[in-house]
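Structure first, commentary second.
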Amino acid sequence: MTLFSPEQDAAFMREAMALAQEAGRCGEVPVGALIVAPDGSVAGRGFNQPILRHDPTAHAEVMALRAAAEALGNYRLPGCTLYVTLEPCIMCAGAIMHARIGRVVFGARDPKTGVAGSVLDLFAETRLNHHAVVAGGVLADECGGLLSFFFAARRKRAGA
């Protein structure tokens, strides 16, 4: 597993934030994800699309995993790093583990559904057979701001 510098982590997270903004423009909850191969190349990109695709599994992480697996020609993605603007949910954590992602870097914590330490910490569960290294809080304020702005705008429209 490749560990990137804090500056590289921030740069990759900014790319994930741009994907999150794309989700927001589509009316989806603004979450973006990026998978980076061990050589530093971007292997997959994704943003939330469950409404657009009529697919409850079309979370940003799953979309990025699908794209990276296709690009790399393997459903296993060992040594890859996943950058996501919001702490993964239980579904996405399972997909991340099945893909054998080596490292997960997330922005904002999710106190309601996050399973990388907020509600549960599935990545630290010793009974599971794969454990990714997790780093949370990268550009957390900026990532959280995307979500706050989106939901504030949605509430304002609903109240209008």
Side-chain angles (χ1 to χ4, degrees), residues 1-53 57-68 71 77 79-97 99 101-124 132-160:
M1 170 190 57
T2 303
L3 289 177
F4 297 105
S5 71
E7 294 79 18
Q8 289 171 305
D9 281 348
F12 287 130
M13 187 61 74
R14 283 188 189 90
E15 286 191 56
M17 289 174 60
L19 292 163
Q21 290 171 330
E22 179 66 23
R25 285 189 291 276
C26 294
E28 300 277 1
V29 174
V31 178
L34 191 74
I35 294 180
V36 178
D39 67 2
S41 65
V42 175
R45 292 176 173 83
F47 59 86
N48 268 4
Q49 300 178 59
I51 298 167
L52 287 172
R53 293 182 176 264
T57 69
H59 287 197
E61 299 95 321
V62 171
M63 302 307 292
L65 287 167
R66 289 174 181 164
L77 303 170
C80 289
T81 300
L82 182 139
Y83 292 86
V84 61
T85 58
L86 182 65
E87 182 180 358
C89 71
I90 195 166
M91 176 187 70
C92 292
I96 291 163
M97 289 179 204
I101 291 289
R103 184 168 176 248
V104 176
V105 179
F106 70 88
R109 292 209 168 272
D110 186 345
K112 294 184 179 184
T113 64
V115 296
S118 290
V119 176
L120 300 171
D121 191 351
L122 285 182
F123 294 100
V133 173
V134 177
V138 174
L139 302 181
D141 291 342
E142 294 94 326
C143 291
L146 291 172
L147 291 159
S148 296
F149 178 80
F150 175 82
F151 286 113
R154 180 184 273 182
R155 285 189 299 275
K156 185 176 180 180
R157 283 190 307 272

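With Ser148 contributing its side chain and Gly144 its backbone, the two residues share a donor-acceptor pair below 3.5 Å.
With sequence neighbours left out, the side chain to side chain contact (heavy atoms under 4.5 Å, CB included) criterion links Phe149 to no other residue. In this structure Ala95 satisfies the side chain to side chain contact (heavy atoms under 4.5 Å, CB included) test together with Val62, Leu65, sequence neighbours excluded. In terms of the side-chain hydrogen bond (donor to acceptor under 3.5 Å, both in side chains) criterion, Glu28 has no residue partners (sequence neighbours excluded). Residues passing the salt bridge (charged side-chain N to carboxylate O under 4.0 Å, His left out) test with Glu22 are Arg25, sequence neighbours excluded. Checked against salt bridge (charged side-chain N to carboxylate O under 4.0 Å, His left out), Arg66 has the following partners two or more places apart in sequence or in another chain: Asp55. Under the rule for a side chain to side chain contact (heavy atoms under 4.5 Å, CB included), the partners of Ala108 that lie at least two apart in sequence or sit in another chain are Leu86, Cys143. Partners of Glu142 according to the salt bridge (charged side-chain N to carboxylate O under 4.0 Å, His left out) rule, which considers only residues two or more places apart in sequence or in another chain, do not exist here. Contacts of Phe4 classified as ring-ring contact (aromatic ring centres under 6.0 Å, His included), with partners at least two apart in sequence or in another chain: Phe12. With sequence neighbours excluded, the residues forming a side-chain hydrogen bond (donor to acceptor under 3.5 Å, both in side chains) with Arg53 are Gln49, listed by chain and number. With sequence neighbours excluded, the residues forming a salt bridge (charged side-chain N to carboxylate O under 4.0 Å, His left out) with Asp9 are Arg103, listed by chain and number.
Between Val31 and His59 the shortest side-chain heavy-atom distance does not fall below 4.5 Å.
Between Cys92 and Glu61, the shortest heavy-atom distance links the atoms SG-OE1, 3.3 Å. Of all non-hydrogen atoms in Ala132 and Val104, the two that sit nearest each other are CB-CG2, 4.0 Å. When all heavy atoms of Asn48 and Ala23 are compared, the pair lying nearest together is O-CB, 3.8 Å. When all heavy atoms of Pro50 and Ala58 are compared, the closest pair comes out as CD-O, 3.3 Å. The minimum heavy-atom distance linking Phe150 with Pro30 is given by the pair CG-CD, 3.4 Å. Residue Gly32 comes nearest to Ala20 through the heavy atom pair N-CB, 3.4 Å, listed as atom of the first residue, atom of the second, then distance.
Remark: Met17 CE to Met13 CE distance equals 8.5 Å, nearest 0.5 Å. To the nearest 0.5 angstrom, Cys89 atom SG is 8.0 Å from Ile96 atom CD1. Note that the OH atom of Tyr83 and the CG atom of Leu19 stand 14.0 Å from one another [nearest 0.5 Å]. Atom CG of Leu3 is separated from atom OG1 of Thr81 by 7.5 Å, given to the nearest 0.5 angstrom.
Sorted by first and then second residue, the pairs that involve residues 35-47 and meet salt bridge (charged side-chain N to carboxylate O under 4.0 Å, His left out), not counting sequence neighbours, are Glu15-Arg45. For the side chain to side chain donor-acceptor pair (under 3.5 Å) condition, the pairs that include at least one residue of residues 110-122, sequence neighbours left out, are Glu87-Ser118, Asp110-Thr113.
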Exercise for review: Please lay out, stage by stage, how Leu122 and Met97 fare under the test side chain to side chain contact (heavy atoms under 4.5 Å, CB included).
Suggested key: CA-CA 9 Å; Leu122 285 182; Met97 289 179 204; 3.6 Å; yes
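A 6.0 Å sphere centred on CG of Leu120 holds more than 12 heavy atoms belonging to other residues, nucleotides or ligands.
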